[in-house]
Amino acid sequence: MTETDTDKKSRKMQSVGRMKEIMTGYYIDAKTAGQTGRKVAWITSGGPVEPLIAMDIIPVYPENYGAMIGASKMGADLCARAEAMGYSSDLCSYARADIASSLIDGGPIGGLPRPDMLVCCNNICGTVLKWYEVQARYYDAPLFILDTPFCHTEYTDEAKKYVRRQIMEYIAFLEEATKKKFDYDRMKEVGRISIEGQRLWQAVLDTAINRPSPMTCFDAFFHLALIVTLRGTPVTVDYYRSLLAEMEQRVADGISAIPNEKYRLLWDNLPIWYRMRWLSEKFAAHDACLVADTYTTAWCMSLRYMDENNFLDSMAEGYTKSYLNIGVDEMIKIVLEMVDKYDVDGFVMHSNRSCKPYSLGQYDIQRAVQRERGIPSVTIESHMVDERSFSESQTETRIDAFMEMIGQKKG
Amino acid sequence: MITAGIDIGSITAKAAILSDGRILGSKVAFTGYNAREAGRSVYEALLRELEMDAPTIERIVSTGYGRNSVVFADKAVTEIICHGAGAYYLNPHVRTVIDVGGQDSKVLAVNPDGTVKDFAMNDKCAAGTGRFLEVMARAMESDLDDFGPLSLKSHNPSKISSICTVFAESEVISLIAKGENREDIIAGIHESVASRISSMARRVGVQEPVMMTGGVARNIGVVRALERALGVSIEVSRFAQVNGAIGAAVIAAKI
């Protein structure tokens, strides 16, 4: 079945334009902060951004920038430059690309704005510690490290005290950097808006429960940018509210994300940013819709711990129990919940050489999914930004064989 | 029904023709630079050998890395599914298939009905594949066909620790320089291949009967090393190298 232009047009999401506008405005604000007298803080994707928003500091995400580098296919060049500086090719490709782009003021949008301070939370990996130290030295800017202990099974009382105390140190660090008093009332309001944004994001992702799904994980990878960069701001809430309305309308109108949804799949790990279109077309050609993923869900997964009436405490727990800071058994529970919730026929794992904490337990998770739910899985090996590590024909054979296997099973 | 399967691998192109479930014939040729041409010529050569005309072939399925370049095929199916179908055709009891070809190695778990339950493939590295053995044969100045029998004479296989083809080649060269015996080095090479493949096989789960397919199955040294590494006996059909093409022809009868 070939798709007509009208079909393609009706499938196109209206919100995409608005999203690009918001992100452009955000980066203009960040790049001109020096002229407007606002401060810029670089922060890790899993770091608590809400106190920055409450202090009117512009958060900037090297990881979001890494995604832009990947999508613009500038990753291989920047990674190679970092290797020439002496960084190993085994290092995270976000870290390599970011470090190199600082040095040459290059990459998309001509590089990120200089940080006035850096905030690093190790709830996503250990690489960020050295990566942020390198950048703090390079820009001669103060660095705050929030150390979140790994939660193999639970968030112990000791961990709770330890993280909570650091949140107070974080606030003192921001007061020192801005020479302003922290406004706890404003914090409460930002916390409420952050939770609302996360709820709406979860609701957007949940529209994929519908058959056919109005969106794919490739759409989610795109629309994710705001909940990462601007959570805690009203613009995020407004945007996801309108995106949710659009998705609900698509469901009501029977508009599916791919022309003929026959199989539903779950994606694990970060996107392969430079191959998004190829992958999405490849799966769509097999009538397979990647309806959900563990990655974009990570920005609303902590909702279960969040309490707007006790935001700072609950935030400490939520950030500590992020998806990459819990044991594999806990991750398995989440993946199985997602397999059931989105009713998927297969599991696609990106074994991402850049992201060790995300890729380490994958074979165990794969075995558990196979054992508990009996659905097939496939592994795709790559780096999320460094396109030199992607092998098209190998990946193609794996995906084709995986889809043939699901076809043999499901008919 | 008369069907054909054409398997375009990275090193060799294979064709097989089946008539109502009986193998009429098969053929192997080098793929060379032009995969499209290789598919056509190996297929036409087989037709000539069997004194058959192209119109008598009712359906054709292509497989292998060059599967999409066989423009005259009715359908392209991956070699993973085809090796499962081929092995099942050769032995309906088979539950695990280890296919080691020119540029990749894979392990398949096969369902009792011959469909594929799960598979694992080597990553981008060529270590543990036919190409790896070719590189080693060049370094050893030996004919690859002698590798199997020579390695069986070894009592003390050398240790090849590197997991990279290029580094393993340097390792082999330094072993030669040290004067290690040829049989032991070759046996060591086979063990390093077996160790790579066996960890992949364990990931999928090894259930007997186990069959090895693909060009490397012709090397008895690798087969024995794998049997030792996995602690199972491995059967190898005389059609091992053309198993993918046979599977493709089997699938062609079903579409």
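Chain naming here is simple, since letters A, B, ... match the order of the sequence lines and numbering starts at 1 in each. When reading the values below, keep in mind they use all heavy atoms of this one structure, side chains included, and skip hydrogens, waters and symmetry mates.
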Above 12 or not: heavy atoms from other molecules or residues under 6.0 Å from [atom1] of [X]?
{"X": "A:Arg211", "atom1": "CZ", "value": "yes"}
{"X": "A:Lys130", "atom1": "NZ", "value": "no"}
{"X": "B:Lys159", "atom1": "NZ", "value": "no"}
{"X": "A:Phe150", "atom1": "CZ", "value": "yes"}
{"X": "B:Lys75", "atom1": "NZ", "value": "no"}
{"X": "A:Lys262", "atom1": "NZ", "value": "no"}

Starting at [atom1] of [X], measure out to [atom2] of [Y] and round the result to the nearest 0.5 Å.
{"X": "A:Thr379", "Y": "B:Phe119", "atom1": "OG1", "atom2": "CZ", "result": "8.0 Å"}
{"X": "B:Lys117", "Y": "A:Lys409", "atom1": "NZ", "atom2": "NZ", "result": "10.5 Å"}
{"X": "A:Ser393", "Y": "B:Arg67", "atom1": "OG", "atom2": "CZ", "result": "8.5 Å"}
{"X": "A:Thr395", "Y": "B:Met121", "atom1": "OG1", "atom2": "CE", "result": "8.5 Å"}

The interface call for B:Ala76 against chain A, heavy-atom contacts under 4.5 Å, is backbone

For A:Glu372, the side-chain hydrogen bond (donor to acceptor under 3.5 Å, both in side chains) test, sequence neighbours excluded, returns none

If one checks every heavy atom of A:Glu396 against chain B at 4.5 Å, the contacting part turns out to be both

Side-chain heavy-atom pair B:Asp113, A:Gln408 within 4.5 angstrom cut-off: no

request  = Measure the shortest side-chain to side-chain distance between A:Gln370 and B:Asp118 over non-hydrogen atoms and say whether it is less than 4.5 angstrom.
outcome  = yes

Residues 77-94 of chain B vs chain A, non-hydrogen distance cutoff under 4.5 Å, contacting residues -> B:Val77, B:Thr78, B:Glu79, B:Ile80, B:Ile81

